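Report on one structure; see the data block that follows.
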Amino acid sequence: MSSPRFWPILPAAGVGSRMQADRPKQYLPLQGRLLIDHTLQVMLSYPRFAQLVLVLSPADPYWPSSDYAGDARIIRADGGSERCHSVLNGLVALDGLAAADDWVVVHDVARPCLRHSDLDKLLGNLADPGAILASPVRDTMKRGRVDNGQVVIDHTVEREQLWHALTPQVFRFAQLRQALQTCLAQGLTVTDEASALEQLGLTPQLVEGRADNIKVTRPEDLALASLFLTQS
Ligand SMILES: Nc1ccn([C@@H]2O[C@H](COP(=O)(O)OP(=O)(O)OP(=O)(O)O)[C@@H](O)[C@H]2O)c(=O)n1
Ligand SMILES: C[C@](O)(CO)[C@H](O)COP(=O)(O)O
């Protein structure tokens with residue numbers, strides 16, 4: 001009985017609206033390379049990953065400028081309207097390649113600062129139903145609400161066991177596909193893969209990862225990512 005394989009899926013079909021740039025953020029320059037190429041380098045240089053699925057917008061005109069445009073290890077899939085649709089399309093692209101109990105490793109291409117040490121932590125002690133990298137909240141957290149057109153504090157959220165969900169998020173190929181399809185059929189456009197498993201009443205493991213595994217989302221995040229990439 002061969003051990004389950006790992007299949008990375010990289011959602012990279014977003015438009016990056018919050019970045020307010022002239023192109024999708026995954027194609028912005030970062031430390032002399034495209035942001036997307038930093039993430040591809042991290043994933044393709046990890047010894048346990050032989051191939052990966054890259055989910056790109058069908059209308060993406062920038063991909064040919066990537067250093068990895070011709071890389072045979074990359075399986076292409078088309079993005080969808082929301083991140084969850086893109087991830088599902090990435091799963092469908094693995095039909096005939098991935099076994100039901102293989103692990104899919106979903107990682108945002110917008111997170112270029114992922115370290116192999118965190119991949120080792122996440123994949124080293126995997127157990128069903130799967131696991132996600134996460135970072136404990138450091139600040140006091142407030143729930144806001146709008147009152148007379150102003151955002152005010154509704155209440156303070158208990159910080160104990162409050163985590164930032166990061167990526168990669170790792171689940172069995174067949175179970176994640178089924179869970180996502182069920183959510184979408186119910187009109188639930190989940191914002192991460194773990195949410196789809198939670199809808200089934202399952203409790204994926206939280207594996208503490210580095211807080212510098214940031215998702216480049218807003219303009220100020222690019223300088224942060226650049227700093228983090230220079231650190232050993
Ligand atoms: N329809 C979508 C939307 C997002 N993503 C990807 O999912 C990751 C996380 O999404 P996010 O940070 O929200 O990226 P965008 O959707 O591009 O950003 P915004 O919400 O600011 O437009 C990114 O790598 C993005 O490319 C995707 O593959 N398909
Ligand atoms: C998957 C994720 O990065 C976990 O925090 C996050 O949910 C992505 O959300 P986005 O709105 O698509 O950036």
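When a ligand or atom number is given, it counts from 1 through the structure's own listing order. Please read these numbers as outputs of a predicted model, since none were measured by experiment.
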* Identify, by atom number and element, the atoms of ligand 1 in contact range of Ser86, meaning under 4.0 Å from any of its heavy atoms. => 1 (N), 2 (C), 27 (C), 28 (O), 29 (N)
* Could you tell me the residue and atom name of the protein heavy atom closest to atom 23 (C) of ligand 1, and the distance to it rounded to 0.1 Å? => Pro11 O, 3.8 Å
* Below 3.5 angstrom, do we get any N/O pair linking Ala12 and ligand 1? -> yes
* To do: Could you walk me through whether Leu114 and Leu166 pass side chain to side chain contact (heavy atoms under 4.5 Å, CB included), step by step?
  => CA-CA 10 Å; Leu114 174 66; Leu166 309 174; over 6 Å; no
* Structure fact -> Atoms of ligand 1 under 4.0 Å from any heavy atom of Val109, numbered from 1 in the order shown, are 24 (O)
* Structure fact -> Between Lys25 and Val216 the two heavy atoms that sit nearest each other are NZ-O, 2.8 Å
* **Qualifying residues under side-chain hydrogen bond (donor to acceptor under 3.5 Å, both in side chains), relative to Thr140, sequence neighbours excluded** => none
* Look at atom 8 (C) of ligand 1 and say which protein heavy atom is nearest, naming residue and atom and giving the distance to 0.1 Å. => Asp108 OD1, 3.5 Å
* Note the single closest protein heavy atom to atom 10 (O) of ligand 1, along with its residue, its atom name and the distance in Å. => Arg83 CD, 4.3 Å
* **Residue Ser81 vicinity, atoms of ligand 1 by number, heavy atom under 4.0 Å** => 1 (N)
* To do: Please confirm whether Arg5 makes a cation-pi placement over Trp103, using NZ or CZ under 6.0 Å from the six-membered ring centre and within 45° of the ring normal.
  => no
* Asked: Would you say His85 touches ligand 1, if touching means a heavy atom closer than 4.0 Å?
  -> no
* Write down, by chain and number, every protein residue that brings a non-hydrogen atom to less than 4.0 Å from an atom of ligand 2. => Arg18, Arg83, Asp108, Arg111, Ala165, Thr167, Thr191, Asp192, Lys215
* To do: Answer yes or no: does atom CG of Asn125 have more than 12 heavy-atom neighbours from other residues, nucleotides or ligands under 6.0 Å?
  => no
* To do: Write out the residue and atom name of the closest protein heavy atom to atom 17 (O) of ligand 1, then the distance separating them to 0.1 Å.
  => Gly16 N, 2.7 Å
* At what distance is the nearest protein heavy atom to atom 13 (O) of ligand 1, and which residue and atom is it? -> Arg18 NH2, 2.7 Å
* Which atom of Pro112 lies closest to which atom of His38, heavy atoms considered -> CB-CB, 3.8 Å
* To do: With heavy atoms under 4.0 Å as the rule, classify the contact between Arg111 and ligand 1 as side chain, backbone, both or neither.
  => neither
* Asked: So Arg172 and Leu197, side chain to side chain contact (heavy atoms under 4.5 Å, CB included) or not? Walk me through it.
  -> CA-CA 10 Å; Arg172 298 284 188 184; Leu197 279 287; over 6 Å; no
* To do: Kindly indicate, with the supporting measurements, whether the criterion side chain to side chain contact (heavy atoms under 4.5 Å, CB included) is fulfilled by Gln175 and Leu202.
  => CA-CA 11 Å; Gln175 188 167 46; Leu202 298 171; 3.4 Å; yes
* **Arg111/Asp108 ion pair, N-O < 4.0 Å** => yes
* Pair Asn213-His107, side chain to side chain contact (heavy atoms under 4.5 Å, CB included): steps then yes or no -> CA-CA 11 Å; Asn213 176 16; His107 182 57; 4.1 Å; yes
* What distance separates Leu56 CG from Leu54 CG, expressed to the nearest 0.5 Å? -> 4.0 Å
* Structure fact -> re atom 12 (O) of ligand 1, the protein heavy-atom contact at minimum distance is Lys25 NZ, 2.7 Å
* Of the listed options Ala13, Gly14, Gly80, closest to atom 1 (N) of ligand 1 (non-hydrogen atoms) -> Gly80
* With atoms numbered from 1 as shown, which atoms in ligand 1 lie under 4.0 angstrom from a non-hydrogen atom of Val15? -> 17 (O), 22 (O)
* Residues Asp192 and Ser195: side-chain donor-acceptor under 3.5 angstrom -> yes
* Between Tyr46 and Val105, is any pair of side-chain heavy atoms under 4.5 Å apart? -> no
